[in-house]
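Presented below is the structure to which this report refers.
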Amino acid sequence: MKPPPSPKSAGHRKKTAPKILRRLLWIIVGIPFFSAALVFCLRWLPPPTSAFILERHFQVLLSKERKIEICYHWTDWESISPHVFLAVMAAEDQKFPYHWGFDFESIARTVKRNNHDRHLRGASTITQQVAKNLFLWPGRSYIRKGVEAYFAVLIELLWNKKRILEVYVNIAEFGDGVYGVSAAAEKLLGKRSAKQISKDEAALLAAVLPNPRLFKVRAPSPYVRERSRWIKKQMARLGIGIGLHGIRHHP
């Protein structure tokens, strides 16, 4: 027979249990608090990097193939061509000025389309893409989608629409290792600044966003050229309806 536990060991277990519960409580409370504080600070501070940029850095370090130069430069709203903002809205999220982070009509259509598919695809708003690119990891799991939705809600609550769009064009990948519209202007378009990007060039940059490592700005495929033409038509339509005035003053 095993000897009965000593009063000392039983007392130790009683003291340990509350400590574990307190630590769990700190974690449960701390993670939302820290994430909210981080998002709040990034309303004003330029992100020094993003999760996707860091992930690409590690890929390049571990790769035996040719080394890719990672380019990322932050540029303020006033130093970016307004055509860029309109182009990415036309290409990626035409309801951006009006929704609160989620386009439920597009989500419903995507759910029907992907009913027999194991993977989640489509229906991501610009806000969701900012959440994913800035804080998360690549993938299409339900867990990642859930965390993405959490950050999207935080971003919509703590930032205004102008800031969301500003961050988006600064961290989006426009070419392999080329992050942000400033780096894209320099490396892909041969421009001195993002302010010089024309309407045609903005539409071309937006056209490669679905897969910037496959689609090329410098050597656009027929698909990219056709998509660019479609984006320009949408820009003309959106420019009449909303332009950028509403984005600048959106709460």
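Throughout, residue positions are numbered sequentially from 1 according to the sequence presented. Any value given below was found using the heavy atoms of this structure, including those in side chains, with hydrogens, waters and symmetry copies removed.
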All heavy atoms of Gly101 vs all of Thr125, minimum pair found to be O-OG1, 2.7 Å

Approximate separation, where rounding is to 0.5 Å, of Ser221 OG and Leu214 CG: 7.5 Å

Output for pair (Leu188 CG, Leu205 CG), nearest 0.5 Å, gives 7.0 Å

Kindly determine whether Arg56 and Ile70 satisfy side chain to side chain contact (heavy atoms under 4.5 Å, CB included), including the steps that lead there. CA-CA 8 Å; Arg56 189 62 178 138; Ile70 308 297; 3.6 Å; yes

For the residue pair Lys199 and Ser81, establish whether any side-chain heavy-atom pair is separated by less than 4.5 Å. no

What's the verdict on side chain to side chain contact (heavy atoms under 4.5 Å, CB included) for Phe174 and Tyr179, showing C-alpha distance, side-chain angles and the deciding distance? CA-CA 6 Å; Phe174 292 98; Tyr179 293 88; over 6 Å; no

In plain terms, say whether Arg144 and Glu148 are close enough for a salt bridge, that is, a side-chain N and a carboxylate O under 4.0 Å apart. yes

Short side-chain to backbone donor-acceptor contact, Ser182 and Ala194, under 3.5 Å: no

Rounding to 0.5 Å, atoms CE (Met235) and CG (Leu86) come to a distance of 4.5 Å

Side-chain contact, heavy-atom cut-off 4.5 Å: Arg192 with Gln196? yes

Side chains of Val178 and Pro212: closer than 4.5 Å at any heavy-atom pair? no

Where Ala87 and Ala206 come nearest, the two heavy atoms and their spacing: O-CB, 3.6 Å

Counting C-beta onward and ignoring hydrogens, is there a side-chain heavy-atom pair between Phe96 and Val88 closer than 4.5 Å? no

May I ask you to check whether Phe40 and Trp159 place their ring centers less than 6.0 Å from one another? no

Which atom pair, heavy atoms only, marks the closest approach of Ile231 to Ala90? O-CB, 3.9 Å

Closest heavy-atom contact between Ile171 and Val130? CD1-O, 4.2 Å

Salt bridge flag under 4.0 Å for residues Lys191 and Glu201: yes

Could you grab the distance from atom CG of Leu136 to atom CD1 of Ile143, nearest 0.5 Å is fine? 12.0 Å

Check ion pair Arg227-Glu92 (N to O, under 4.0 angstrom): yes

Side-chain heavy atoms of His99 within contact of Thr127, under 4.5 Å: yes

Is atom NZ of Lys216 surrounded by more than 12 heavy atoms (other residues, nucleotides or ligands) closer than 6.0 Å? yes

Tell me, which pairs form a salt bridge (Lys or Arg N to Asp or Glu O under 4.0 Å) where one or both residues lie in residues 204-214, sequence neighbours left out? Glu173-Arg213, Asp176-Arg213

Quick check: does any side chain N or O of Asp93 sit under 3.5 Å from a backbone N or O of Ile126, one acting as donor and the other as acceptor? yes

May I ask whether Val84 and Trp230 are part of the same hydrophobic cluster, defined by side-chain heavy atoms of I, L, V, M, F, W, Y residues being less than 4.5 angstrom apart, directly or through others? yes

Any donor-acceptor pair under 3.5 Å linking the side chain of Lys195 with the backbone of Glu78? yes

OG on Ser228 to CG on Asp200, rounded to 0.5 Å: 6.5 Å

Just so I know, are the side chains of Ser50 and Phe135 near enough to count as touching, which here means a heavy-atom distance under 4.5 Å? no

With side chains defined as the heavy atoms from C-beta onward, is the minimum distance between Glu156 and Gln128 less than 4.5 Å? no

Hey, any chance Val224 and Ile197 share a hydrophobic cluster, counting ILVMFWY side chains that come within less than 4.5 Å of each other, even indirectly? yes

Can you say whether the rings of Phe215 and Tyr223 are parallel (under 30°), tilted (30 to 60°) or perpendicular (over 60°)? tilted

Validate the cation-pi geometry between Lys132 and Phe151: distance from NZ or CZ to the six-membered ring centre under 6.0 Å, angle to the ring axis within 45°. no

Side chains of Ser124 and Lys145: any donor to acceptor distance under 3.5 Å? yes

Mind running side chain to side chain contact (heavy atoms under 4.5 Å, CB included) on Gln234 and Gln94 for me, showing each step along the way? CA-CA 9 Å; Gln234 300 305 308; Gln94 295 187 15; 3.1 Å; yes

In sequence, state the C-alpha distance, the side-chain angles, and the governing distance for Glu166 and Thr75, and then conclude on side chain to side chain contact (heavy atoms under 4.5 Å, CB included). CA-CA 8 Å; Glu166 181 183 37; Thr75 304; over 6 Å; no

Without placing hydrogens or testing angles, list every side-chain donor-acceptor pair under 3.5 Å for residues 41-49, not counting sequence neighbours.
{"residue": "Arg43", "atom": "NH1", "partner": "Leu158", "partner atom": "O", "Å": "2.9"}

Measure the shortest side-chain to side-chain distance between Phe85 and Tyr168 over non-hydrogen atoms and say whether it is less than 4.5 angstrom. no

Nearest 0.5 angstrom please: Asn170 CG to Leu134 CG, how far? 11.0 Å

